[in-house]
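Structure record follows, encoded as structure tokens.
Note that the structure is a prediction, hence the values are computed from the model and not measured. Along the sequence shown, residues carry numbers from 1. Values below: all heavy atoms of this structure, side chains included; hydrogens, waters and symmetry mates excluded.
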Amino acid sequence: TEKKAFVLAVTAPNVEPGSATSWSLALDDLAFNDGLGRLFFVSIGNSEGDTYDNIIKNYPQELMLFKLKDPSQSFNSMTVGAFTGKDTLP
């Protein structure tokens with residue numbers, strides 16, 4: 001069979017950081033796939049820093065100030081994050 005990876009690049013505020021939610025539990029179940037496994041990449045969410053300059057100035061401490069977004073706390077998925085200053089088209 002063909003191997004697939006799934007990407008979930010949408011998040012929501014996590015009301016109780018560190019706790020499972022119905023969304024993260026559903027993702028865990030989908031990823032487990034009755035022991036067969038599925039690979040999910042989940043966005044960690046956007047920084048809540050007020051400006052681009054403040055995010056740059058406070059990096060990497062910025063990473064410790066804001067919590068993971070839901071469902072990135074899923075146990076059976078790969079949580080990813082990135083940062084870029086490229087915000088205009090060439």
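If you take NZ on Lys3 and CZ on Arg38, they are separated by 12.0 Å, rounding to the nearest 0.5 Å. Between atom CG of residue Asp28 and atom OG1 of residue Thr21 there is a gap of 9.0 Å, rounded to the nearest 0.5 Å. Atom-to-atom distance recorded for Leu68:CG and Ile44:CD1 is 4.5 Å, nearest 0.5 angstrom. In this structure, Asn33 CG and Asn76 CG are separated by 11.0 Å, a value rounded to the nearest 0.5 Å. Here CD of Glu16 is found 11.0 Å from CG of Asp70. Values are rounded to the nearest 0.5 Å. The OG atom of Ser19 sits 7.0 Å away from atom CG of Asn14, with the distance rounded to the nearest 0.5 Å.
Looking at Val80 and Ser43, their side chains never come closer than 4.5 Å, going by heavy atoms from C-beta outward.
The hydrophobic cluster of Phe75 has no other members, since no ILVMFWY side-chain heavy atom comes under 4.5 Å of it. Chaining together hydrophobic side chains whose heavy atoms lie under 4.5 Å apart places Phe40 alongside Phe6, Leu8, Val10, Trp23, Leu27, Leu30, Val42.
Shown here for Ser24 and Gln73, the closest heavy-atom pair between the two residues is OG-NE2, 3.7 Å.
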